[in-house]
Amino acid sequence: MNQTPASIGHYVQGQTLNGTSGRAQDVFNPATGAVTGRVALANRTEVDTAVAAAQAAFPAWADTSPLRRARVIFKFLELLNQHRDTLARMITAEHGKVFTDAQGEVTRGIEIVEFATGIPQLLKGDYTEQVSTGIDNWTMRQPLGVVAGITPFNFPVMVPMWMFPVAIACGNTFVLKPSPIDPSPSLFMAELLKQAGLPDGVFNVVQGDKEAVDALLHHPDVKAISFVGSTPIANYIYETGAHHGKRVQALGGAKNHMVVMPDADVNQVVDALIGSAYGSAGERCMAISVAVLVGDVADQIMPALVERTKSLKVLNGTNLAAEMGPIVTEAARQRITGYIEAGVMEGAQLLVDGRGFDGTQAGEGCGTDTSGGFWLGGTLFDHVTPEMKIYKEEIFGPVLCCVRVPDFATAVQLINDHEFGNGTSCFTRDGNVAREFARRIQVGMVGINVPIPVPMAWHGFGGWKRSLFGDMHAYGEEGVRFYTKQKSVMQRWPESIAKGAEFVMPTSK
């Protein structure tokens, strides 16, 4: 804890650079509260330098064949598999999530890289011979140029990998602006890309805050922006980026519901709720934060749910027995406790209060104040109603709200009335209920007896309503479409060209 904090800078043109803005902020170990690093915060000039490097590298990289680009991605994939635990340890050290969860994050990111290795097939266009006499028509997909990713603290490896492997494989160059809360994994990934043979300038990292974000949004050479974060910022990113003529993909907040039908398996439901509500301390956009309990099922599951919440193994994430680690920052911990206080004031029944958790139980160096980490236990509310703040707003912490409803139709209407539409789940043994839920729910990602329905790499991730700003989901084939523009070519040769001028709209002849 007495070690000198590491200096964390930028990565531009294949080199790690110290910041020159004069601004920086501390990086903490959330489990102990110790300052482990000092990350530079870029100014507009530093962002301009990174974009210029990406712009200079673009022509040659765009002209590189898809197969050669895929070979670089393959080598990167090999290096990621060799160093996956190193990345996981970096995540645990700066974010706080438990090591096994961090390993899972890295694995899900690697799956996107595996998808990106198929880029020669994914970029194939369509061809039609003889659309008219002597004329052929085909389409091709070409890269946009310099594209940027603005990523959140909760997945410092996986979410950037939703973006840059596909973007780079498509022939674009990339500027990543990660969260300053856990910046180290971004630099490690940059080094692995260099080892994989990626040309300098194709992938760049600028650490920073809103100043760096605005510089990317306003820069004329940045053609597209991908973002994951809260809804107010996603809305700002979308409106500002679109105003400056950029393609924008901005994923916002969530309030994910799990509907529990009376016929559901009680033990499976409790397992699913505990893992999806408290995994990663609830700091993920696919966390289940509302259990919608239909009919009398609440009376069946609440006793077990209370007991499991109380017995959560909240430990330093380096402990392999840990089920939940600390909150990412002291500011986040205070925000979450504020929501708990609001829930009590509004009349929700607080069955388990995470504010009473003793951080000294979490491991060596952990304590009860900010110098000993940012600790909070699992929190459980019952009898929450839709008018309450803890129901309406995204808490982004280990707080599970239980809402009781009389029937399935009310459960569906409850979810459809919410402003967010990111993920949802339904636990039932009834196939017709499951089918109707999947069809009628107005949410982008749906699980049937699956609590966290994050799509696989080739399907694409994205919600509905105020959970997504933009028209295309992240990764998968929609990711390929987002990072490319379609060109249509019609061709004929002199011997097939009819004599004389034509003054009418061309038609098939």
Side-chain angles (χ1 to χ4, degrees), residues 30-32 92 95-104 256-258 260 264-284 286-293 297-328 332-333 336-337 339-341 343-344 348-369 372-384 390 395-404 425 427 449-452:
T32 65
T92 297
H95 174 274
K97 70 176 64 175
V98 302
F99 180 68
T100 51
D101 188 24
Q103 288 177 309
N256 304 317
H257 300 68
M258 179 194 290
V260 182
D265 184 290
V266 170
N267 291 329
Q268 289 179 356
V269 167
V270 172
D271 284 343
L273 282 171
I274 289 293
S276 58
Y278 302 123
S280 197
E283 294 173 328
R284 52 189 178 196
M286 290 297 285
I288 293 295
S289 54
V290 179
V292 183
L293 309 177
V297 75
D299 296 330
Q300 300 175 47
I301 73 167
M302 288 310 296
L305 195 57
V306 168
E307 183 58 35
R308 289 288 298 278
T309 304
K310 288 181 177 178
S311 61
L312 270 175
K313 296 176 182 177
V314 184
L315 300 166
N316 189 323
T318 58
N319 188 328
L320 295 182
E323 295 174 333
M324 187 177 109
I327 305 303
V328 67
R333 192 185 72 82
I336 296 164
T337 58
Y339 275 106
I340 298 172
E341 292 165 5
V344 172
Q349 185 178 358
L350 182 59
L351 300 180
V352 184
D353 188 352
R355 294 173 296 178
F357 178 76
D358 182 1
T360 60
Q361 301 175 8
E364 184 179 355
C366 304
T368 55
D369 55 28
F374 318 127
W375 293 97
L376 190 68
T379 297
L380 179 64
F381 280 104
D382 195 5
H383 297 287
V384 175
I390 58 172
I395 299 174
F396 220 65
V399 180
L400 177 60
C401 299
C402 295
V403 178
R404 300 183 182 221
S425 182
F427 272 64
N449 299 318
V450 174
I452 302 180

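Just so it is clear, the structure is predicted and the values come from calculations on it, not from any experiment.
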task = List in chain and number order the residues that pass side chain to side chain donor-acceptor pair (under 3.5 Å) with T337, two or more places apart in sequence or in another chain; answer none if no residue qualifies.
result = none

inquiry  = Just verifying a value: how many Å separate M258 CE and S289 OG, rounded to the nearest 0.5 Å?
reply    = 10.5 Å

remark   = d(F357 CZ, T379 OG1) to nearest 0.5 Å is 11.5 Å

ask   = Counting N and O atoms only, with roles assigned by atom type, does the side chain of W375 sit under 3.5 Å from a partner on the main chain of I327, one being a donor and the other an acceptor?
value = no

Atom pairs and distances, side-chain donor-acceptor, residues 266-273, under 3.5 Å, sequence neighbours left out:
from, atom 1, to, atom 2, distance (Å)
D271, OD1, R308, NH1, 2.8
D271, OD1, R308, NH2, 3.4

key: Pairs satisfying salt bridge (charged side-chain N to carboxylate O under 4.0 Å, His left out), at least one member in residues 316-327, at least two apart   = none

Considering all heavy atoms, the nearest F99-T92 contact = CA-OG1, 3.4 Å

query = Looking only at heavy atoms, what is the nearest atom pair of V384 and A348, with distance?
reply = CG2-CB, 4.0 Å

Heavy-atom side-chain contact between F374 and V328 under 4.5 Å = no

ask   = Can you name the nearest heavy-atom pair linking I340 to F381, along with the distance?
value = O-CZ, 3.5 Å

request  = Check whether any side-chain heavy atom of Q300 lies under 4.5 Å from a side-chain heavy atom of V260, and answer yes or no.
outcome  = no

task = Might you point out which heavy atoms bring G325 and V98 nearest each other, and give the distance in Å?
result = N-CG1, 3.7 Å

request  = Could you tell me whether the side chain of T32 and the main chain of G373 form a donor-acceptor pair under 3.5 Å?
outcome  = no

request  = Report the residues that fulfil side chain to side chain contact (heavy atoms under 4.5 Å, CB included) with A298, sequence neighbours left out, ordered by chain and then residue number.
outcome  = L293, M302, R404

ask   = Excluding sequence neighbours, so at least two apart, what forms side chain to side chain donor-acceptor pair (under 3.5 Å) with Q103?
value = D85

task = In sequence, state the C-alpha distance, the side-chain angles, and the governing distance for V403 and H257, and then conclude on side chain to side chain contact (heavy atoms under 4.5 Å, CB included).
result = CA-CA 10 Å; V403 178; H257 300 68; over 6 Å; no

task = Grab the two heavy atoms, one from S280 and one from K97, that are nearest each other, plus how far apart they are.
result = OG-CE, 3.6 Å

query = Do you know the tightest heavy-atom contact between K313 and A321?
reply = CD-O, 3.5 Å

query = How long is the span from the OG1 atom in T100 to the CG atom in N319, to the nearest 0.5 Å?
reply = 10.0 Å

message = Is there a side chain to side chain contact (heavy atoms under 4.5 Å, CB included) between E283 and H95? Walk through the geometry before answering.
response = CA-CA 10 Å; E283 294 173 328; H95 174 274; 3.5 Å; yes

message = Please report the interatomic distance CD(Q349) to SG(C402), rounded to the nearest 0.5 Å.
response = 10.0 Å

query = Hey, what do you get for CG (L380) to CG (L305), rounding to the nearest 0.5 Å?
reply = 5.0 Å

query = Is there any side-chain hydrogen bond (donor to acceptor under 3.5 Å, both in side chains) pair reaching into residues 350-363, and which pairs are they, with sequence neighbours excluded?
reply = D353-R355, D358-T360

query = How long is the gap from CD1 on I274 to CG on L400, to the nearest 0.5 Å?
reply = 7.5 Å

inquiry  = Could you tell me if the side chain of P326 sits less than 4.5 Å from the side chain of R333, heavy atoms only?
reply    = no

